[in-house]
Amino acid sequence: EVQLVESGGGSVQAGGSLRLSCAWSGFALHDHALAWVRQAPGKEREGVACFSWLYDNTFYLDSVKGRFTITVDNAKNRLYLQMNSLKPEDTATYYCIAGEDRCTGSYFYYGMPYWGKGTLVTVSS
């Protein structure tokens with residue numbers, strides 16, 4: 001069965017950096033897209049970053065462009081999100097997700113059925 005396990009969340013001051021990791025199992029990278037989604041209490045979900053091996057495309061939320069980078073290490077079955085220049089607005093629970101979909105538009109996560117349990121990122125002023 002498909003499993004996704006996030007790690008690397010924590011507390012950091014504005015301007016700092018964190019790297020989130022996601023370990024996956026139960027599927028082959030070439031058949032799926034991998035992505036990061038975040039949600040803060042009382043706010044809508046936001047598709048943060050997406051990587052599709054099958055369709056060879058990526059997507060970044062406008063507010064994180066130039067600050068966040070999504071990468072994948074297929075040899076280790078690991079997905080990463082490097083987050084630099086963090087802002088208080090980035091505070092949220094971050095989820096690693098996967099699905100048979102391409103990375104197009106702000107709602108790329110629709111139709112991606114596999115989700116991890118999330119890791120909390122807190123950015124203080």
Separation of R38 CZ from E89 CD (nearest 0.5 Å)
8.5 Å
Inter-residue atom distance Y109.OH - I97.CD1, 0.5 Å rounding:
8.5 Å
Atom CG of residue position D31 - does it have more than 12 heavy atoms of other residues, nucleotides or ligands inside 6.0 Å?
yes
What is the distance from atom SG of C96 to atom CD of Q3, rounded to the nearest 0.5 Å?
12.0 Å
Sequence neighbours excluded and cut-off under 3.5 Å, please list the side-chain donor-acceptor pairs for residues 58-68, or say none.
unit_1, atom_1, unit_2, atom_2, d
Y60, OH, I70, N, 2.9
D62, OD1, K65, NZ, 3.1
R67, NE, S63, O, 3.4
R67, NH1, S85, O, 3.0
R67, NH1, D90, OD2, 2.8
R67, NH2, S63, O, 2.8
R67, NH2, D90, OD1, 3.2

Residue Q39 excluded, over 12 heavy atoms near CD under 6.0 Å:
yes
Calculate, to the nearest 0.5 Å, the distance between atoms CD and CZ belonging to E1 and F27 respectively.
12.5 Å
Tabulate below the donor-acceptor pairs under 3.5 Å that side-chain atoms of residues 115-125 make, not counting sequence neighbours, or state none.
unit_1, atom_1, unit_2, atom_2, d
W115, NE1, M112, O, 3.0
T119, OG1, G9, N, 3.1

Are Y110 and Y95 connected in a single hydrophobic cluster, I mean Ile/Leu/Val/Met/Phe/Trp/Tyr linked by side-chain heavy atoms less than 4.5 Å apart?
yes
Can you tell me how far NE2 of H32 sits from OG of S52, rounded to the nearest 0.5 angstrom?
10.5 Å
What donor-acceptor contacts under 3.5 angstrom involve side-chain atoms of residues 74-83, with partners at least two apart or in another chain?
unit_1, atom_1, unit_2, atom_2, d
N77, ND2, W24, O, 3.3
R78, NH1, K76, O, 2.9
Q82, NE2, N84, OD1, 3.0

Can you give me the closest heavy-atom contact between A49 and F108, atom names plus distance?
O-CZ, 3.7 Å
What closest approach, in Å, do S21 and W36 show between heavy atoms, and which atom pair accounts for it?
O-CH2, 3.6 Å
For residues L20 and V5: do they belong to one hydrophobic cluster (side chain heavy atoms under 4.5 Å, members Ile, Leu, Val, Met, Phe, Trp, Tyr)?
no
